[in-house]
Colleague: 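Sharing a structure below in structure tokens format, with a few things to ask.
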2 protein chains.
Amino acid sequence: MDPIRFETHPDRYAHWKLSFDGPVAKLVMDVQEDRPLRPGYVLKLNSYDLGVDIELADAVQRIRFEHPEVRTVIVTSAKDRVFSAGANIHMLSSSTHAFKVNFCKYTNETRLSLEDASDKSGIRFIAACNGTTAGGGYELAIACDEIVLIDDGSSAVSLPEVPLLGVLPGTGGLTRVVDKRMVRRDRADIFCTLAEGMRGKRAVEWRLIDAVVPRSKFEDEVNKRAQAAAAKAPVQTGPGVALPALDPEVTADALRYRYVTLAFDRTKRQARITMHGPADAAPATAADLRKRGAEAWALRAWRELDHAICHLRFNEPNCGLVILETRGDADAVLAWDRALWELRDDWFAREILLFMARTLRRLDQTARSFFALAEPGSCFAGSLLELSLAADRTYALDDAKRPVRFHMSPLNGGALPMTHGPSRLAVRHLAAPDRVAEVLAGGPYDPEAAEQAGIVTFVADDIDYDDEVRVALEERASLSPDALTGMEASLRVAGPEAMASKVFGRLSAWQNWVFQRPNAVGDRGALKLYGRPERPSFDWGRT
Amino acid sequence: MDPIRFETHPDRYAHWKLSFDGPVAKLVMDVQEDRPLRPGYVLKLNSYDLGVDIELADAVQRIRFEHPEVRTVIVTSAKDRVFSAGANIHMLSSSTHAFKVNFCKYTNETRLSLEDASDKSGIRFIAACNGTTAGGGYELAIACDEIVLIDDGSSAVSLPEVPLLGVLPGTGGLTRVVDKRMVRRDRADIFCTLAEGMRGKRAVEWRLIDAVVPRSKFEDEVNKRAQAAAAKAPVQTGPGVALPALDPEVTADALRYRYVTLAFDRTKRQARITMHGPADAAPATAADLRKRGAEAWALRAWRELDHAICHLRFNEPNCGLVILETRGDADAVLAWDRALWELRDDWFAREILLFMARTLRRLDQTARSFFALAEPGSCFAGSLLELSLAADRTYALDDAKRPVRFHMSPLNGGALPMTHGPSRLAVRHLAAPDRVAEVLAGGPYDPEAAEQAGIVTFVADDIDYDDEVRVALEERASLSPDALTGMEASLRVAGPEAMASKVFGRLSAWQNWVFQRPNAVGDRGALKLYGRPERPSFDWGRT
């Protein structure tokens, strides 16, 4: 099969229409039934597949970078009486387990990117639900800040996954209903088992939606809310920064971007990500940064990394172990980090930082083992040091003749938080929180000092290093991929949970379980039989 | 198969020896190989099955009630060079999925009961690891407050589940390593993939254990620590309160205790728990309460409920829907609640409250749908009202001629917290936290007012009530049991997570997933093949 492509552009969108009117953008879902990502299913009723979500993720990203003047986004549908029917069932039921899980993870990340744009960039999202808003359609709506539902006597919001499909509303639905919308749990229980969903005054009272508006006044009300939200947000002016295609060079064994290389050794089931530091000097001013636009190292390199991670997840499922390497000049990275940190009140610098943070969270949430290798020529400094802090382990070579050093920058202090909230450095020092400020203020660290500082896991001299690393890589690649996935999902998220991490940790873990159960995916399972005349046949045993 | 029996007594323990020396108790694991709970496996090397854990749970419970003078518990083994090899692998690999999941849940609850005794009752647990401490053996050790490992040149602590069995250390292991012991996540990654485990100075440095002591000094060091811990704890004096067997009357369709009935309608896949309020007047003083001993309603009735829940989980897997009913005199319950609350500085009253709380958490963690029915004659007051607040839904009959009322007591204000920390009432009011104090201060509530107060989900008059409830019960019983389990596990735990809830929410959910995967349980899976000459054969695809 052709690899899934994650790059797109509004000019090529099949399923969304993106338009702008001053501070208000409109994102209209108009899924083309006959253009699924893979043949075999029809995208009826604004149901979506990964292709639809890749466009949505791209649109939200472009709004932030290319249209800084946008303060409110109306998310709506071009179909009459249908907002969205959610993830396409036939796509789901015909997909492999691994694809289902990765699809849900990606769509969860897209929903979180809307919330990140709202929380951190002040862009308010209004879901204008002009018709049936079911399943993943409602999960998209609750990722928005406000939900306005049309009152046409029939359109409802619903999460029919449990009653109709025997699976969970796994794109954040269950978690957001009780943790974000704060719907009372007993009401949520009713709502999540009610196939026909809810509408009208009761849906507002129960906090499932924010308003219900007659058809004749619907557009006006949505526009009024959009204008009101935009008026409340601080004005932000353009021009924006266009995001050109990355167009990596693709060979049989690698994707080569400008700053990032993703290479595969499929025999060993290994991938190797090499990320290079800046080729360009750090900007001195916001204007200078703006001039670099999308070619700025801090944007270009991290967009490349983000793309590489998506490619790896979907297109190279067997490469279970990923080596993380860095190359370049530490001072140049530190200069860039400091510049971004000093310019963080500028919208473009801020968006770059927020994007770096999302990319690193995408790395954290990737179900592969990551081993960082700190060898001569490496550049684990500041933002690039986060790759090591995100890794499951870091091996460092300690050779006086070819010194390896680790450098802190202001960005290691919380500017690039994990999904559950704390910085990666703080998570390393749960046992001694006071150490965090100390470590941040210190350095550069040699390998031994870095081990003590919580950055490096294992230090070896030049006699032992190669063997140690080789054995570690071989051992890791020999372990059960599933056990590693569960283990990494538990160990990486030390400390308190947040709503976003509950979506991945609690909800997705349960969904992955349900996605394995015969009651859902067996020959007589509810997901498998959906749309067919037969009734599912359940094993009634509760676990 | 005979039902699993949850009642036991130190006189009948097969696997543990419990002894007392003033404030120090000793709990010695000495598993009898040839006495498994079910035939088919041999409990070698102090490995455990549910039968072993039922005795451990009983012992910890009896220490708290029967031996209030105990301030420290030494947990150790009678076997030379072996502390415990953890859960028995052959038992696990030959069990059904549902049994594995419920076994892990029960053992997790037992570990949490040790931590509850430490946090809330000031009993310090010292794991005296006099030999190999592997897997569930180490998970038992990290549920203790201190871990002392013997230094005999070979004994190590280890979590070999991932490398040897392709499953997770699912009895809290992964979570406690990073969240309780606060082992650095990269070190935890090494530890959890190292079959041979770790010992010596490095194990102390990495926070995996607290001390490593040569064989010749081991017993002395453990005793010294036990005495030191006991000396630091406030003195508590007996006599204790003996816990007699509950001995419910068992018929084909019901278990009948004094205050609780657990009845089954297996055709409808329903169970019904009816809990009665006190027959005895509330105590006026601690001495009065002590005189009632284990016959006190607040202890007897809740022990019965706890036992009923365990029986339901293991022995009636197909009864997916549980009706919760209460009967009795609200004033009598409220008087008992107030008495316990006023006497809470007395150890016995405190232990009763803590036990009520654990029982309610056992209910929250039970993978069944709970519907509370508030009908004439019901008694949803104070502690019994928690049954309704724990339920997924509550249906109330509103009939002026036969009024139903809901009553608050001081115990609804946080004395009986959920696993993740907040009270059940607070979880109902996440959207308006100020309402909690208001609701607590108010009442009694009629059904409509109770609906507004977050207690009742659905109110119907006498014309509609029976039909509404019948249809709701039928609908619930028709849904996929797995989807309901995942849904309830998500909706019940609204709000922030705690370490204990991460064990069930994140870790157990992942473990349940792994327990379904061919890489673990398939014919060529690692768990299935353990102990046999063949090597497991993995599908290398990562999800």
Side-chain angles (χ1 to χ4, degrees), chain A residues 97-98 101 162-163 166-168 174-175 178-179 182 184-186 188-190 192-193 207 269 317-318 320 367-368 392-394 427-428 430-431 454 457 479-483 485-487 489-492 494 497 505-507 509-514 516-517 519-520 526 538 540-543, chain B residues 97-98 101 162-163 166-168 174-175 178-179 182 184-186 188-190 192-193 207 269 317-318 320 367-368 392-394 427-428 430-431 454 457 479-483 485-487 489-492 494 497 505-507 509-514 516-517 519-520 526 538 540-543:
Chain A
H97 180 75
V101 169
V162 171
V167 300
L168 307 182
L174 295 174
T175 307
V178 291
D179 277 337
M182 295 193 255
R184 231 169 64 194
R185 53 164 281 207
D186 57 330
D189 182 274
I190 290 197
C192 296
T193 53
R207 308 175 58 89
R269 296 191 300 276
N318 284 357
R368 309 293 164 99
D392 297 300
R393 302 180 187 177
T394 298
V427 168
R428 300 269 171 148
L430 287 180
T457 317
L479 300 180
S480 161
D482 304 323
T485 292
M487 182 188 88
S490 290
L491 298 182
R492 289 178 186 169
E497 299 258 11
R506 185 177 272 272
L507 178 52
W510 279 108
Q511 178 76 304
N512 294 356
W513 175 74
V514 172
Q516 289 273 280
R517 299 282 289 168
N519 282 345
F538 293 135
W540 294 109
R542 274 282 196 136
T543 52
Chain B
H97 180 75
V101 169
V162 171
V167 301
L168 306 183
L174 295 174
T175 306
V178 291
D179 276 337
M182 295 195 257
R184 234 169 63 194
R185 51 163 282 208
D186 57 331
D189 182 274
I190 291 197
C192 297
T193 52
R207 308 175 58 89
R269 296 190 301 277
N318 284 358
R368 308 292 164 99
D392 297 300
R393 303 178 185 179
T394 298
V427 168
R428 301 271 170 146
L430 288 180
T457 318
L479 300 181
S480 160
D482 304 324
T485 291
M487 183 188 87
S490 291
L491 297 182
R492 289 178 185 169
E497 299 259 11
R506 184 177 273 272
L507 179 52
W510 280 108
Q511 178 76 304
N512 294 356
W513 175 74
V514 172
Q516 288 274 282
R517 300 281 288 168
N519 283 345
F538 293 134
W540 293 110
R542 272 282 196 137
T543 52

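Reminder, nothing fancy here: chain letters follow the sequence lines and each chain counts from 1.
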Colleague: Please check if any side-chain donor atom of B:Thr193 sits under 3.5 Å from a side-chain acceptor atom of A:Arg393, or the reverse.
Modeller: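 Result is yes, a qualifying pair exists.
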Colleague: If you compare all heavy atoms of B:Ala494 against all heavy atoms of A:Val178, which two are closest, and at what distance to 0.1 Å?
Modeller: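 B:Ala494 and A:Val178 have their closest heavy atoms at CB-CB, 3.8 Å.
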Colleague: With only heavy atoms counted, which part of B:Leu168 is less than 4.5 Å from chain A, the side chain, the backbone, both or neither?
Modeller: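 Side chain only.
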Colleague: Non-hydrogen atoms of chain B under 4.5 Å away: do they reach the side chain of A:Ala526, the backbone, both or neither?
Modeller: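 For A:Ala526, there is no contact with chain B at all, as no heavy atom is under 4.5 Å.
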Colleague: Could you check which of B:Gly454, B:Cys192, B:Gly320 has the highest count of heavy-atom pairs closer than 4.5 Å to chain A?
Modeller: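 With the most close heavy-atom pairs to chain A, the winner is B:Gly454.
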Colleague: Taking C-beta and beyond as the side chain, do B:Trp510 and A:Asn512 meet within less than 4.5 Å on heavy atoms?
Modeller: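 The answer is yes, as the side chains (C-beta and beyond) meet within the 4.5 Å cut-off.
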Colleague: Side chain, backbone, both or neither: which part of B:Ala188 has an atom under 4.5 Å from a heavy atom of chain A?
Modeller: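 When you check distances to chain A, atoms from both the backbone and side chain of B:Ala188 fall under 4.5 Å.
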Colleague: Below 4.5 Å, heavy-atom pairs only: which of B:Thr543, B:Thr457, B:Asp482 has the largest tally toward chain A?
Modeller: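 Heavy-atom pairs under 4.5 Å are most numerous for B:Asp482.
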Colleague: If you count heavy-atom pairs within less than 4.5 Å of chain B, which of A:Val101, A:Thr485, A:Val167, A:Val427 leads?
Modeller: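 Counting heavy-atom pairs under 4.5 Å, the top option is A:Thr485.
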Colleague: Heavy-atom pairs under 4.5 Å with chain A: which of B:Asp186, B:Leu174, B:Val162, B:Thr394 has the most?
Modeller: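 Most heavy-atom pairs under 4.5 Å with chain A: B:Asp186.
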Colleague: Would a distance-only check, ignoring hydrogens and angles, find a side-chain to backbone donor-acceptor pair under 3.5 Å from B:Asn318 to A:Gly541?
Modeller: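 Yes.
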Colleague: Tell me which of these, A:Gly166, A:Ala98, A:Pro481, has more heavy-atom pairs under 4.5 Å with chain B than the rest.
Modeller: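 Top option by heavy-atom pairs under 4.5 Å: A:Pro481.
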Colleague: Find out whether B:Met487 and A:Asp189 are in side-chain contact, i.e. whether some heavy atom of one side chain is under 4.5 Å from a heavy atom of the other.
Modeller: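 Yes, their side chains come closer than 4.5 Å.
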Colleague: Indicate whether the side chain of A:Arg506 and that of B:Ser490 have a donor and an acceptor atom separated by less than 3.5 Å.
Modeller: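 Judged by distance alone, the side chains do not pair up.
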Colleague: Heavy atoms only: give me the nearest A:Leu479-B:Pro163 pair and the separation to one decimal.
Modeller: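 Looking at all heavy atoms of both residues, the closest pair is CD2-CA, 3.7 Å.
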Colleague: If you count heavy-atom pairs within less than 4.5 Å of chain B, which of A:His97, A:Arg269, A:Met182, A:Arg207 leads?
Modeller: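 Ranked by heavy-atom pairs under 4.5 Å with chain B, first place is A:Arg269.
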Colleague: Side chain, backbone, both or neither: which part of B:Arg428 has a heavy atom under 4.5 Å from chain A?
Modeller: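 Both parts, heavy atoms under 4.5 Å.
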Colleague: Under 4.5 Å, counting heavy-atom pairs only, tell me which of B:Leu507, B:Asp179, B:Val514, B:Thr175 racks up the most with chain A.
Modeller: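 The option with the most such pairs is B:Asp179.
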